[in-house]
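Have a look at the structure below before the remarks.
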Amino acid sequence: SQTIHQWPATLVQPVGSPLSLECTVEGTSNPNLYWYRQAAGRGLQLLFYSVGIGQISSEVPQNLSASRPQDRQFILSSKKLLLSDSGFYLCAWTGQEYMNTEAFFGQGTRLTVV
Amino acid sequence: GENVEQHPSTLSVQEGDSAVIKCTYSDSASNYFPWYKQELGKRPQLIIDIRSNVGEKKDQRIAVTLNKTAKHFSLHITETQPEDSAVYFCAAPNQAGTALIFGKGTTLSVSS
C-alpha cells in the first residue's frame, strides 16, 4: 500500500534562518506531488506541484522554493524565513491521472517562525 | 486561474439536523469536484467527490450536488452527529488540470 511521510512534525525557527521540509512517498511510482500551506482563515493554499523529477510549478509568488531530486521525494525550502511563513505545511500526492484520483496528504509540519 | 469560494466559514447545528456547505468555482472547464474532511489535528481526507457528468452523488449520510450551469456544488450532511464536527474543504482543478485548488474551509460544529 502507498504511504506518505512528512517531517518534522513541528518546527520553531528564527526569522532569517533557512528551512528544509521533506516529503517522501512509498508504494507508488511517478506520483504527482504537492505542497500546500494551511493558515487560519485561508484554507489550503497550493504552493508548488510537480508532475515529474525536476519539474516544479509554482502557484503563488513567495519566499519559498521546492525541489524534486527523486521520483518520490519532494522538498520545500527557504533561504531566509519570514514571520509570514508560519503555518501548517502539508505534502500530498496523487496518481498520474491528475485530478480524477484522490489526493493523499501527509501528517503535516507545524512551522512557527519567531 | 481557478478560483474556489466556499460558504459559510463556520456552521453550527444540533445533532440530527442537516448541514449544507456551498462552493462556487470560476473555470467552466473544471470537471472534478472533491470534498475533504479535516478533523482537529489530523490530515485532510477525501469523503466524497463528483464528476461533471453527474448532478448528484450520495454515500450514506453525505451527498454532493453539482450545477455546472451556475458553477456551484454543495455538500449535504443529513442526521448530523458529533463526530461530523470538523473542517470541510471543497476543491476544483486548476486551469491546467494538474492540481487541486481548495476553498477556505467550513468549520462545522455539531452539538448534542
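In what follows, chains carry the letters A, B, and so on, assigned in the order in which the sequence lines appear, proteins first and then strands, with residues in each chain numbered from 1. Since the structure is predicted, the reported quantities are computational estimates derived from the model, not experimental observations.
No more than 12 heavy atoms of other residues, nucleotides or ligands sit less than 6.0 Å from atom CD of A:Q107. Residue B:K22 qualifies as open at atom NZ: its count of foreign heavy atoms under 6.0 Å is 12 or below. When the shell of 6.0 Å around CG of B:L40 is examined, it contains 12 or fewer heavy atoms from other residues, nucleotides or ligands. No more than 12 heavy-atom neighbours from other residues, nucleotides or ligands sit within 6.0 angstrom of CD on B:E79. No more than 12 heavy atoms of other residues, nucleotides or ligands lie within 6.0 Å of CD in B:Q60, so this atom counts as exposed by the packing criterion.
Taking every heavy atom of both residues into account, B:L100 and A:Y36 meet most closely at O-OH, 2.7 Å. Looking at every heavy atom in both residues, B:A96 comes nearest to A:Y49 through CB-OH, 4.4 Å.
Between the side chains of B:Q38 and A:Q38, at least one donor N or O lies within less than 3.5 Å of an accepting N or O.
Residues B:P44 and A:L90 form a side-chain contact, since some pair of their non-hydrogen atoms from C-beta on lies under 4.5 Å apart. Taking the side chain as every heavy atom from C-beta outward, A:L46 and B:I101 approach each other to under 4.5 Å. Under the 4.5 Å side-chain criterion, counting only non-hydrogen atoms from C-beta, B:R43 is in contact with A:I4.
Heavy-atom distances place the side chain of A:F88, and not its backbone, under 4.5 Å from chain B. Both the backbone and the side chain of A:L44 come within contact range of chain B, with heavy atoms under 4.5 Å apart.
For residues 34-62 of chain B, the pairs satisfying ring pair (Phe, Tyr, Trp, His ring centres under 6.0 Å) are A:F105-B:Y36, B:W35-B:F73, B:Y36-B:F102, with sequence neighbours left out.
Among the candidates A:G108, A:S57, A:G106, the residue making the largest number of heavy-atom pairs closer than 4.5 Å to chain B is A:G106.
A chain of hydrophobic side-chain contacts below 4.5 Å, direct or via other Ile, Leu, Val, Met, Phe, Trp or Tyr residues, connects B:V110 to B:Y88.
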